[in-house]
Amino acid sequence: MDASVDRIADPWGGRTPYGPGTAWPVRTDTYLEDGVAPQDVDQWVQTSSLLHSNGDAMDVAVRDGRIVGVRGRGADRVNRGRLGPKDLFGWQAVASPARLTRPLVRDGDRLVECDWPTAMDRVVTRSKELLRQRGPSSIGFYTSGQLFLEEYYTLTVIARAGIGTNHLDGNTRLCTATAGEALKETFGCDGQPGSYTDVDHADTIALFGHNMAETQPVLWARVLDRLAGTAPPRLVCVDPRPTPVARRAQVHLAPRGGTNVALLNALLHEIIRTDRVDHAYVRAHTVGFEELADRVADCTPEWAARICDVPARAISEAADVIGTAERLLSTVLQGVYQSHQATAAAVQVNNLHLLRGMLGRPGCGLLQMNGQPTAQNTRECGANGDLPGFRNWENDAHVAELARVWNVAPEAIPHYAPPTPAMQMFRFAEAGSLRMLWISGTNPAVSLPELARVRAILAQERLFTVVQDLFLTETARLADVVLPAATWAEKTGTFTNADRTVHLSEKAVDPPGLARADLDILLDYARRMDFRDRDGQPLVHWHDPPSAFEAWKLCSAGRPCDYTGLSYERLRGGSGIQWPCTDQAPEGTERLYTDGITWAGADVSETYGRDLVTGASVSEVEYRALNPDGKAVLKAAEYLPPHEETSEEFPLQLNTGRTLYHFHTRTKTGRVPQLDAAAPDVWAELSPAEAEARGLAEGDLVEVTTRRGSVRGRLRVTAIRDGMVFLPFHYGYWDAPGGDRPAVGGAGRAANETTVTDWDPVSKQPLFKISAARITLVEHGDGTPAPAPTTTASAPVAPADVPATVGGALAHASQVVPDAEAGDGSRS
Ligand SMILES: Nc1nc2c(c(=O)[nH]1)N[C@H]1C(S)=C(S)[C@@H](COP(=O)(O)OP(=O)(O)OC[C@H]3O[C@@H](n4cnc5c(=O)[nH]c(N)nc54)[C@H](O)[C@@H]3O)O[C@H]1N2
Ligand SMILES: Nc1nc2c(c(=O)[nH]1)N[C@H]1C(S)=C(S)[C@@H](COP(=O)(O)OP(=O)(O)OC[C@H]3O[C@@H](n4cnc5c(=O)[nH]c(N)nc54)[C@H](O)[C@@H]3O)O[C@H]1N2
Ligand SMILES: [Mo]
C-alpha cells in the first residue's frame, strides 16, 4: 500500500490495524521537499525527532549539503517508520535564514556581532571575577530538555565540580520534574517502569492530563491502530478539554482544573471498596497500604463529584473499567504535572498500578511521561536538580562515588542542600545573590510564568546573562552575550525518549556561519577556565561526542540508567535500545520492576522521600524505618483546594497548553510554512455556555486577564468544560504583528503574561494549568474564525462555520505499508 496523504489535514496518517499481542505493523512515512525524488538524495543520515519526547526514529535526506526531507525508520521499536506532522516538516527550520551565525556581545543597548574569542573571553572573565569576588553560588546554569546527553553530562561536570555551584537546573523543571519526583516517591528512584510496547498488549489505557494525540501523535497512531484492530483496548481520559483522546474514550472525565487528587482518591476508594486489589502483590512489593486505605476511606465518587464537577456515575464507571482491567497501561502528563498538587496526584496513579499489581508485565505499563525530546538525559545526567546517575545528594556514599568518577574531593561537589530549582534560581537573580546566568536551549522570556517579572529579572544590569541558542529569541535579546549554537542534524550525540529508548543522532549538514555544537562551546569554556581534577589533570578530559559518551558510561555504571552495554556502533543502523543496557542485558531492558522493586532500598535509592503536602524531606532514619526492605511506597495524599481560586472578578479557571502543530515558543515551528499556516496566531477557547453568557462568538477579539497581565486573541468556541478558558502558550512576540518589542504592561500574546508564580511543593514544577482569569470583549469579529486548528482539541462546536484545517499540496507526505503488513490485525 502506497499513499500520499495531507498530513496537516490528517495528522496521524492511515491505519494499520493490529490485535493484542501482535507486533505493530511497519508504515514508512517520507516527506521530501518539492521537486526532490528519492533517487536525488545523496545520503540518508540517522537521527530521531527533537520536537517531543516520543523518539520517532528517522533518516534525514541530504542533497548537495542541504537537508531536503526525512523518512521514518521502519526498523525502530518506537515508531516502526511513522512520523508526525512536526517530524515531517519541522526540519525546515534548521536552514532558516533567521539562524544566528555569529556570537553577539552587548554594547550599551545593542547586541553587536563578534568572533568566538571575544565572546568567550567575556564569559570567562566574568566567571573568574565572580568566583573571586562572590564565590560559586553567584553563578547559575539554566539548561534544556533539547540538547544531547553528552552536552548535559559535560555541563554537569563543569557546573558541579568545576564551578562548584548548586545552581544548575533545566527547563525540565517546567516539564517533567514531577515525572521524576513521582517515580522517586513511589519507587525510590527515577526510571520509567513501562514501555511503548505495552500499547500492543493493554486491554485498558488510561490517560491522565495527557493529550497524546497532539503531543505524541505517533504513539497515538499506535493506539488508533489498536482501536481499529481486533479486541481493542478500552480508553479512559481525564482532561477538561475535548481532546482527540477524549473523543475516542469509553469514559471521558472533564474535571475542574486542579482537582486530580480528589478524582484519583475516589478511583482508589472504589478499587479498594470493590476489593479489586491484588493483595498478594501489595503484600510482597509495597508498604503503606493501611494508610492509603484510611486516607481514601471517605473519598466516595459522590464526594469527588462535588469537587471535580463530574458525574459520580462517570467516576464509578472509570473505576470499574480500571478495576476490571487485566492489562492496564496508564500515562500521565502536564494536566497533572503542571496542575495543582502535581506530585501528589501523579503518585496516586502509581498507587492505582500497585494496588492492582499492574507492573512489570506486558501491557501493565506505567508511563510517567516526559515532554521534551531529551528531558530524560537532563535528569539522568544531573543537569536538573539531582546528581548524575540518579544519585542521592543526601547519601554521602553516593557523593563519594561520584567524586571518585570525577577524581575530585567529595567536598568539591556541592551537596549541602537540594540542588536549586529553576524558579528559585530566578528568585536569587531577582534578589541579587545570583550574578551570572548561562541559559542554553530554552526561552524563559516566553516559557516561564509571569513574564513581566521574568523580563525584569533578565534585563537587570547587575545580572550577566549568556544565552546559547539557534535564534535571536525573546530571551537572547535581553542577553549580555549570545552564543550561536549548532543543532539537531548539525551535530552528533545521543538522546533518550520517554520509554528509555536511546537513539543516536548523527551530523548530516554543517551549521550556518560560525555556529558551533553546544558540546564544543562547553568544552571550550572548560579549557579556558582550566578546571582541574585532584591530580591536576583536566577535569573535563573528553574532546568529542564519542569520548563524552564513554565518560558518561562510567558515571552510569551500576545505576538504574546503566549505559555500559551501549556504544555509538551498537546504536548505528538498527533500532534504538532501552536502558539499562549492560553485559547482563545486552539488548537493553524493556520493562523495569519485572521481578520486584529494585531501587527503593535506602542504600541505593535516589531519595529518602518527601512529604506530599509540604515537600519537606523525609530523613534517612525515618525512611529506613518506613521501608526497611526497599519496597514500593504507597503514599497517600489529601485533596486540598487550589491556591488561586476563582472569584467574581476572575470567574474562570485558566488552562494553558499545546496544539499539535507547534512546539513551545515556536522558534522552529513558527518558521515552517506548513506548521505555521495551521495555527498562525494565538486564540482563546471557551464553551458555548460561557461564550453566550458574555455575548461572545467565534472569531471575536477577546482579552484574557489575570492578576499578572493579559493576552489578546480571537475566540474559538469549543466543547471545553464550562468555567474554563484555554490559551495555547506557543506565541511569543518575536514575530508578533507590530514588531519585535516586548508587550510590557500591555496586551501581549504570550499566555505566560497571565500565569502565576507558584509551584508544586514537592517537584517545584510551576503550575501553568491553574489560575483565575476573566475574559472580555475587545471587538466583535467580522465572521472570520479564530486562527485555531479544527483537527485538534480546538475543534469548533459549529464546524459548518469554520473551514477545516488542511495543508494542501505542500503538506503531502508518502506512507508505504509493506504488503505483508497490510492485514486486518488478526495475525498472532
Ligand atoms: N505538538 C506538540 N507536541 C509536544 C510539545 C509541543 O509543544 N507541541 N511539547 C512537548 C513537551 S515539552 C511536553 S511537556 C508535552 C506535553 O504534552 P501534554 O501534557 O499532552 O500537553 P498539554 O497541552 O500541556 O496538557 C495536556 C492536557 O492537560 C489538560 N489539563 C489542564 N489542566 C488539567 C487538570 O487540572 N487536570 C487534568 N486531568 N488535565 C488538565 C489540558 O486540558 C491539556 O489537554 O508535549 C510534548 N509534545
Ligand atoms: N503557560 C505555559 N507555559 C509553559 C508550558 C505550558 O504548558 N503552559 N509548558 C512548559 C514546558 S512543559 C516546557 S518543556 C517549556 C518549554 O519552554 P522553552 O524551553 O523555553 O521552549 P522552546 O521554544 O522549546 O525553547 C528552546 C530553545 O532552545 C533553542 N534550541 C533548539 N535546539 C537547540 C540546540 O541544539 N542548542 C541550543 N543551544 N539551543 C537550541 C530553540 O531555538 C529555543 O529558543 O515551556 C513551559 N512553559
Ligand atoms: Mo515540556
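Every number for a ligand or one of its atoms is a count from 1 in the order of the listing. Position 1 is the first residue of the sequence; numbering continues from there.
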Checklist entry - Could R455 and E450 be called an ion pair, given the rule that one side-chain N must be under 4.0 Å from one carboxylate O? => result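 Salt bridge flag = no for E450 with R455.
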Next on the checklist: Less than 4.0 angstrom from a charged side-chain N to a carboxylate O is my criterion; do R379 and D190 meet it?
Outcome noted: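 Looking at R379 and D190, the cut-off is met.
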For ligand 1, which part of [X] has a heavy atom less than 4.0 Å away: the side chain, the backbone, both, or neither?
{"X": "N655", "result": "side chain"}
{"X": "T659", "result": "backbone"}
{"X": "L660", "result": "backbone"}

Near [X], which atoms of ligand 1 are under 4.0 Å from a heavy atom of that residue?
{"X": "H662", "result": "1 (N), 2 (C), 6 (C), 7 (O), 8 (N)"}
{"X": "S339", "result": "34 (C), 35 (O)"}
{"X": "Q334", "result": "14 (S), 16 (C), 19 (O), 24 (O), 25 (O)"}
{"X": "E214", "result": "1 (N), 2 (C), 3 (N)"}
{"X": "H730", "result": "7 (O)"}
{"X": "G371", "result": "10 (C), 11 (C), 12 (S), 13 (C), 14 (S), 15 (C), 46 (C)"}
{"X": "H210", "result": "20 (O)"}
{"X": "G257", "result": "35 (O)"}

Counting non-hydrogen protein atoms only, what is the nearest one to [atom]? Give residue, atom name and distance.
{"atom": "atom 38 (N) of ligand 2", "value": "D518 OD1, 2.7 Å"}
{"atom": "atom 17 (O) of ligand 2", "value": "S447 CB, 3.0 Å"}
{"atom": "atom 22 (P) of ligand 2", "value": "H664 CB, 3.5 Å"}
{"atom": "atom 34 (C) of ligand 1", "value": "G335 O, 3.1 Å"}
{"atom": "atom 19 (O) of ligand 2", "value": "N171 ND2, 2.6 Å"}
{"atom": "atom 1 (N) of ligand 2", "value": "N752 OD1, 2.7 Å"}

Check ligand 2 against [X] and write out every atom of the ligand that is under 4.0 Å from a heavy-atom position of the residue.
{"X": "T473", "answer": "44 (O)"}
{"X": "A485", "answer": "36 (N), 37 (C), 38 (N)"}
{"X": "F471", "answer": "42 (O)"}
{"X": "C175", "answer": "12 (S), 14 (S)"}
{"X": "T665", "answer": "21 (O), 22 (P), 23 (O)"}
{"X": "K491", "answer": "35 (O)"}
{"X": "Q146", "answer": "19 (O), 22 (P), 24 (O), 26 (C), 31 (C)"}
{"X": "K769", "answer": "7 (O)"}

Against ligand 1, does [X] come closer than 4.0 Å with any heavy atom?
{"X": "F663", "result": "yes"}
{"X": "K86", "result": "yes"}
{"X": "S53", "result": "no"}

Which segment of [X] sits under 4.0 Å of ligand 2 when only heavy atoms are counted:
{"X": "T667", "answer": "side chain"}
{"X": "D469", "answer": "both"}
{"X": "L727", "answer": "neither"}
{"X": "A486", "answer": "backbone"}

Checklist entry - For residues T374 and Q146, is any side-chain donor paired with an opposing acceptor at under 3.5 Å? => result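 There is no such pair (donor and acceptor under 3.5 Å, judged by atom type) between the side chains of T374 and Q146.
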Next on the checklist: Whether the Q372 and T176 side chains hold a donor-acceptor pair (N or O, under 3.5 Å, no angle test) is what I'd like checked.
Outcome noted: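 Absent: no donor and acceptor within the cut-off.
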As a check for students: among [options], identify the option with a heavy atom nearest to [atom].
{"atom": "atom 44 (O) of ligand 1", "options": "L174, N54, D239", "result": "D239"}
{"atom": "atom 33 (C) of ligand 2", "options": "T487, L100, T755, N443", "result": "T487"}
{"atom": "atom 3 (N) of ligand 1", "options": "V245, T792, T215", "result": "T215"}
{"atom": "atom 26 (C) of ligand 2", "options": "P484, A515, G441, P373", "result": "G441"}
{"atom": "atom 18 (P) of ligand 2", "options": "L654, V756, T442", "result": "T442"}
{"atom": "atom 23 (O) of ligand 1", "options": "R241, R658, E685", "result": "R658"}

Honestly, is [X] close enough over [Y], meaning NZ or CZ under 6.0 Å from the six-membered ring centre and within 45° of the axis?
{"X": "R241", "Y": "F726", "answer": "yes"}
{"X": "R666", "Y": "F729", "answer": "no"}
{"X": "K491", "Y": "F148", "answer": "yes"}

Under 3.5 Å donor-acceptor, [X] side chain and [Y] backbone:
{"X": "S687", "Y": "E690", "value": "yes"}
{"X": "R173", "Y": "D169", "value": "no"}
{"X": "Y152", "Y": "S144", "value": "yes"}
{"X": "W488", "Y": "S505", "value": "no"}
{"X": "Q653", "Y": "G723", "value": "no"}
{"X": "Q348", "Y": "A345", "value": "no"}

For [X] and ligand 1, does the shortest N/O to N/O distance drop below 3.5 Å?
{"X": "N260", "result": "yes"}
{"X": "R256", "result": "no"}
{"X": "P240", "result": "no"}

Checklist entry - Do L654 and T754 pass the side chain to side chain contact (heavy atoms under 4.5 Å, CB included) test, and can you show the C-alpha distance, the side-chain angles, and the key distance before you say yes or no? => result CA-CA 9 Å; L654 173 63; T754 64; 3.3 Å; yes
Checklist entry - Do the two ring centres, one from F426 and one from Y142, sit under 6.0 Å apart? => result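 When the ring centroids of F426 and Y142 are compared, they turn out to be within the sub-6.0 Å range.
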Checklist entry - Would you say the ring centroid of H730 lies under 6.0 angstrom from that of H664? => result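 Between H730 and H664, the centre distance exceeds or equals 6.0 Å.
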Next on the checklist: Measuring from atom CD of E214 to atom OG1 of T791, what distance do you get when rounded to the nearest 0.5 angstrom?
Outcome noted: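 Taking CD in E214 and OG1 in T791, the distance rounds to 7.0 Å.
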Next on the checklist: Using a plain distance cutoff, I'd like to know if Q372 has any nitrogen or oxygen under 3.5 Å from a nitrogen or oxygen of ligand 2.
Outcome noted: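 Between Q372 and ligand 2, no N or O pair is found under 3.5 Å apart.
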Next on the checklist: Quick one, R749 with D681, criterion salt bridge (Lys or Arg N to Asp or Glu O under 4.0 Å). Give me CA distance, side-chain angles, the key distance, then yes/no.
Outcome noted: CA-CA 8 Å; R749 61 172 204 161; D681 206 347; 2.6 Å; yes
